[in-house]
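Have a look at the structure below, then the notes.
Below, chain A is the first sequence line, B the second, and so on; all start at residue 1.
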2 protein chains.
Amino acid sequence: MAADRHSLRARKQPRQARAELTRQRILTAAAHVFAEHGYAAGTTNRIAERARISIGSLYQYYPNKDTILLELVTRHLDAGVLSLKEHRDGDRPDSLEAIMRGYVRSVIDNHLDDPKLLQVMMEQTPHAPELVERMARHEREQVAHTRELLASHPEVRVTDIDVAAHLVVSAVGGIVHQLVAAPRSVDVRRLEDELVAMVTRYLTLG
Amino acid sequence: MAADRHSLRARKQPRQARAELTRQRILTAAAHVFAEHGYAAGTTNRIAERARISIGSLYQYYPNKDTILLELVTRHLDAGVLSLKEHRDGDRPDSLEAIMRGYVRSVIDNHLDDPKLLQVMMEQTPHAPELVERMARHEREQVAHTRELLASHPEVRVTDIDVAAHLVVSAVGGIVHQLVAAPRSVDVRRLEDELVAMVTRYLTLG
DNA sequence: GCAGGATGCGAGTAATTACTCACAATAGTG
DNA sequence: CACTATTGTGAGTAATTACTCGCATCCTGC
């Protein structure tokens, strides 16, 4: 996971339809392999094998191993943002608790999808500057959005909105990641209820 | 990070004082190297070099690389438990908030000590069965202890003590890990205050 | 001071793995 | 069909790295 000088080399971009298909096959295979073996043991040869293409083809689409993970992370983040947007647009709840429930559930659903892969992404983030940057930006956006939400909602009573927004995002993210890391010893929906309750009470009783 | 058959091979145990010293040197060096390079790039040769011993000597004390990390994790967990005990025995606070403040601060202090190393430990945990087991046990103990605390404290009003204990441990652990992973963009003590407030309110207004 | 055990050494080995390159197969175009 | 650009192939390479082993050095008890 070091800086790579392969990045600069020009990669041809797909002209035929099968090229795009191969790209997708590689990503899907990589997701499986990384989830099963972790990043270090998830070798590029294994990925190619699983995708049923040759190792040479793989390197025609991705200049190095890091880039594959980077694309997986990007897609995961994009999917998360989209999911949040959908949750918000679906219904217009007025109570703060309903909003928080939507948020919490959305985050949980995103992460329970493929816990192992998510674990790998979290692991490798600190070792790739590109990933660090992307994650940091994503978090800033989350906090900013939450801040706006809190600021505009009449039920919210906290002294410092910035800190509160940060805490909410950290709490939900942190707990869900804990949940993902360890095999869940407690019912997910049950924990969701309590988490929503905790956050809501915190926000309304400042 | 696979199963290793070296583990069974007998390792001599120290007779002379310098042996124990070397052991300690290895551990200290390993902590630095893992923190700086991560686990995969933190090679045993680098550790030996930093400890100013030969690679051969290193393998006289630890049968393989995994074992070194395992010992570091063990010591960290033990230190954490000890720190918690001290916090509890130091003063006898009666308010729930004071207890929670002590707990949160203890966890934060433990983790802010060497964030990078902690990151590596968290990363590797899922890849070593021994570590998984140890961590799981540690968490069970934490939850059990918290459960007892909540059960015996008159201020606590929650419907399900088990879930509440789980949530508190997850929340504190999760948020602190988030805090450690990302460069903290918000003041630590400030976040601590709010975290304590959140948890306390949750517990007292069930 | 010496015998024997404990500790230290480090060049070398076997295995792994990211990545290359010379070439083959295939698809679009006139 | 021929011709060219695009896509696919996989044996091979260079680098890395966990770990070994035969030997040197040191310490301790007698």
Just checking, Lys65(B) and Tyr39(B): is the charged tip under 6.0 Å from the six-membered ring centre and within 45° of the axis? yes
Using the salt bridge (Lys or Arg N to Asp or Glu O under 4.0 Å) rule, collect all pairs that involve residues 71-81 of chain A, keeping only residues at least two apart or in two chains. Arg23(A)-Glu71(A), Glu71(A)-Arg75(A)
Would you mind reading off the bend of the helix from dG1(C)-dC30(D) to dG30(C)-dC1(D) from its two end axes, five pairs each, to 10 degrees? 10°
Minimum side-chain heavy-atom gap Ile108(B)-Leu112(B) below 4.5 Å: yes
Indicate every side-chain donor-acceptor pair of residues 113-120 of chain B with a distance under 3.5 Å to a residue at least two apart or in another chain.
residue: Asp114(B); atom: OD1; partner: Leu117(B); partner atom: N; Å: 3.4

Main-chain N/O of Val33(B) paired with His37(B) side-chain donor or acceptor, under 3.5 Å: no
Under 3.5 Å, is there a donor-acceptor pair linking the side chains of Asp109(A) and Ser106(A)? no
Taking only residues two or more places apart in sequence or in another chain, which ones pass side chain to side chain contact (heavy atoms under 4.5 Å, CB included) with Arg147(A)? Ile161(A), Asp162(A), Ala165(A)
Side chain proximity check, His127(A) to Glu123(B), heavy atoms < 4.5 angstrom: yes
Counting only side-chain N and O atoms of Tyr62(A), is one of them less than 4.0 Å from OP1 or OP2 of dA18(C)? no
Can you confirm whether more than 12 heavy atoms, excluding those of His32(A), are under 6.0 Å from its NE2 atom? no
May I have the distance from Tyr61(A) (atom OH) to dC19(C) (atom P), rounded to whole angstrom? 18 Å
Check nucleotides 26-30 of chain D against the protein and report each pair of N or O atoms closer than 3.5 Å, with its distance, or say if there are none.
none

To the nearest Å, how far apart are Glu49(B) CD and dG10(C) P? 12 Å
Scan nucleotides 9-17 of chain D against the protein and return all N/O pairs shorter than 3.5 Å with their distances rounded to 0.1 Å.
residue: dT9(D); atom: OP2; partner: Ser54(A); partner atom: N; Å: 2.9
residue: dT9(D); atom: OP2; partner: Ser57(A); partner atom: OG; Å: 3.4
residue: dG10(D); atom: N7; partner: Gly56(A); partner atom: N; Å: 3.3

Does atom CZ (Arg189(B)) have a neighbourhood of more than 12 heavy atoms from anything else shown, all under 6.0 Å? yes
Starting at CZ of Arg23(B) and ending at P of dT7(C), how long is that distance when rounded to a whole Å? 11 Å
